[in-house]
Amino acid sequence: MKQAIVARADVGMGQGKLAAQVAHASLSAYEDTPDRTRREWKGGGQKKVVLQGESEQQLFELADRAEREGLPNAVVRDAGHTQLDPGTVTALAVGPGDEDAVDRVTGELSLF
């Protein structure tokens, strides 16, 4: 079991903003995960990776692939209170779910 969070590297987020957006994505996808999968993931140590995304378009394409795999996912849009314009897509979480299924969606991406 694992979760992958894809954060955009092309929008110039500071480290704190990046951390907040990754947290938003992780929690949002977790909230849409079935209870049995939640328990299994939590019991296994909540494995997650943060990966580099190149664009808003890429995140939406990955979200579509996650949907086809039957994986919970969440796209995060920034509220625009600090560094970014309101509505800027910043991150995508895929999973938690079966590690092989998550890797079929995000396995080609580099670590952040």
Side-chain angles (χ1 to χ4, degrees):
M1 300 292 291
K2 95 177 183 185
Q3 183 181 60
I5 301 97
V6 183
R8 285 182 61 190
D10 65 319
V11 293
M13 291 183 276
Q15 291 179 349
K17 171 61 82 175
L18 173 67
Q21 299 305 298
V22 166
H24 289 317
S26 178
L27 182 58
S28 293
Y30 173 80
E31 289 174 336
D32 289 338
T33 301
D35 289 341
R36 183 172 180 265
T37 302
R38 282 186 190 193
R39 286 191 302 274
E40 187 176 345
W41 183 61
K42 284 178 76 174
Q46 301 176 18
K47 181 178 180 179
K48 63 186 74 67
V49 294
V50 180
L51 306 169
Q52 289 186 40
E54 331 179 316
S55 66
E56 179 178 315
Q57 179 180 343
Q58 182 189 41
L59 268 59
F60 283 117
E61 289 170 358
L62 292 168
D64 286 342
R65 288 170 57 187
E67 286 291 325
R68 289 193 300 272
E69 287 285 339
L71 291 165
N73 63 89
V75 173
V76 174
R77 292 180 183 274
D78 192 64
H81 298 300
T82 57
Q83 299 175 13
L84 304 173
D85 292 332
T88 301
V89 173
T90 57
L92 163 72
V94 176
D98 177 73
E99 188 164 350
D100 289 337
V102 173
D103 286 346
R104 283 192 294 274
V105 176
T106 62
E108 300 295 318
L109 301 174
S110 299
L111 292 172
F112 206 100

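Being a predicted model, the structure only gives us computed values, none of them experimental.
Rounding to the nearest 0.5 angstrom, the gap separating the CD atom in E108 from the CG atom in D103 is 9.5 Å. Considering CE of M13 and CZ of R8, their distance stands at 7.5 Å, rounded to 0.5 Å. One distance of note links CG of L18 with CD1 of I5; it measures 10.5 Å at 0.5 Å rounding.
The other members of the hydrophobic cluster of F60, by chain and number, are V6, V49, L51, L59, L62, L71, V75, V89, L92, V94, V102, V105, L109, L111 (side-chain heavy atoms under 4.5 Å, ILVMFWY only).
For A93 against Q3, the heavy-atom pair with the smallest separation is CB-NE2, 4.1 Å. Across all their heavy atoms, G53 and Q58 have their closest contact at CA-OE1, 3.2 Å. The heavy-atom pair separating T33 from P96 by the smallest distance is OG1-CD, 3.4 Å. Here the closest non-hydrogen pair linking K2 and E99 is CD-CG, 3.7 Å. Scanning both residues, P72 and A29, for their nearest heavy atoms gives CB-O, 3.8 Å. Residues Q52 and A9 come closest through the heavy atom pair OE1-CB, 4.1 Å.
Although no hydrogens or angles enter the test, the distance criterion places a donor-acceptor pair under 3.5 Å between the side chain of R65 and the main chain of R104. Remark: the backbone N or O of P34 is not paired with any side-chain donor or acceptor of R39 at under 3.5 angstrom.
Side-chain atoms of V22 and K48, non-hydrogen and from C-beta on, never get closer than 4.5 Å to each other. For the pair R38 and E31, the minimum side-chain heavy-atom distance is below 4.5 Å. The shortest side-chain heavy-atom distance between K47 and M1 does not fall under the 4.5 Å cut-off.
Contacts classified as side-chain hydrogen bond (donor to acceptor under 3.5 Å, both in side chains) and involving residues 12-24 (residues at least two apart or in different chains) are given here: K17-D78, K17-T82, Q21-D78, Q21-T90.
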